[in-house]
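Hydrogens, waters and symmetry mates are skipped; everything else that's a heavy atom, side chains included, is used. In what follows, residues are counted from 1 in the order of the sequence shown.
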Amino acid sequence: MIGVGKAKQYGNVLDKPLAKGKQEVSLSAFAFLFSELVQYNQTQVDNIGELERRLEDAGYAVGARVLELLCHRDKGNRRETRLLGILSFVHSTVWKVLFGKVADSLEKGTEHEDEYMISEKELLVNKFISIPKDMGTFNCGAFVAGIVRGVLDGAGFPAVVTAHFVPMEGQQRPRTTILIKFAEEVLQREARLG
């Protein structure tokens, strides 16, 4: 019979094994902390571009750590070596760990060979943010773009990653698209690997 028996008693909390468990953070706690991050950085800058850059830098540090955690936990310290493999890893595994679901879409750019897009109808970092009119095009998705850039750089796929709003017909709020433009060296390596 499964589950029947005496639970092992630990005399000290430090003796308990580290379980994988459910690693969820309260949505309200995240929203509060993220709001404070935005407000703090807003007081430190003079323009929207600089604010987005600072959010991207904060996200980059998170992305580097997420990659290390997931490679250690799920992949036995192995990393992706192919372009589509790392994009799929970001689109599914990383997104699921961070946001509780797979991203809405992953698409290849039609105009440029080195561009890919991850789209999300309602990105969590933009969900509870109201942008004042004087900040116009400010996009908190820059934080997520930084996370994606951190994961890609750490895995050896340098790229320029930016967040953009894309209007959708029939929707009040635009969707957020994370645009990934890979460095030339990544495409050359991918061509060599065939």
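The main-chain N or O of V45 is never found under 3.5 Å from a side-chain atom of E50 such that the two would form a donor-acceptor pair. Distance alone, capped at 3.5 Å, is enough to place a donor-acceptor pair between the S92 side chain and the S88 backbone. At least one donor-acceptor pair closer than 3.5 Å links the side chain of H91 to the backbone N or O of A103. A donor-acceptor pair under 3.5 Å is formed between the side chain of T43 and the backbone N or O of Y40.
Between D153 and Y60, the closest side-chain pair of non-hydrogen atoms falls below 4.5 Å. Side-chain contact between L37 and L33 is absent, with no heavy-atom pair separated by less than 4.5 Å. For the pair T177 and R175, the minimum side-chain heavy-atom distance is below 4.5 Å. Looking only at side-chain heavy atoms (C-beta outward), W95 and V144 come within less than 4.5 Å of each other. Side-chain contact between F182 and L87 is present, with heavy atoms from C-beta onward closer than 4.5 Å.
When all heavy atoms are compared, the tightest approach of V151 to G63 is CG2-O, 3.3 Å. Closest of all the heavy-atom pairs between V38 and C140 is CG2-SG, 4.2 Å. In terms of heavy-atom proximity, I180 sits nearest to A159 at CG2-CB, 3.9 Å.
Open room surrounds CD on E113; 12 or fewer heavy atoms of other groups in view lie less than 6.0 Å from it. Taking a 6.0 Å sphere around NZ of K181, one finds it holds more than 12 heavy atoms contributed by other residues, nucleotides or ligands.
Hydrophobic clustering of Ile, Leu, Val, Met, Phe, Trp and Tyr side chains at less than 4.5 Å, counting indirect connections, keeps F165 apart from L179. Under the 4.5 Å side-chain heavy-atom criterion for Ile, Leu, Val, Met, Phe, Trp and Tyr, F143 and I48 are members of the same hydrophobic cluster.
The one candidate from D104, N126, N139 that meets the side chain to side chain donor-acceptor pair (under 3.5 Å) condition with T176 is N126.
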List the steps and the verdict of salt bridge (charged side-chain N to carboxylate O under 4.0 Å, His left out) for E120 and K101. CA-CA 11 Å; E120 187 71 41; K101 68 180 194 82; 2.4 Å; yes
Report the C-alpha separation of L124 and F34 in whole Å, then their side-chain angles, then the decisive distance to 0.1 Å, and conclude whether the side chain to side chain contact (heavy atoms under 4.5 Å, CB included) test is met. CA-CA 10 Å; L124 183 64; F34 187 71; over 6 Å; no
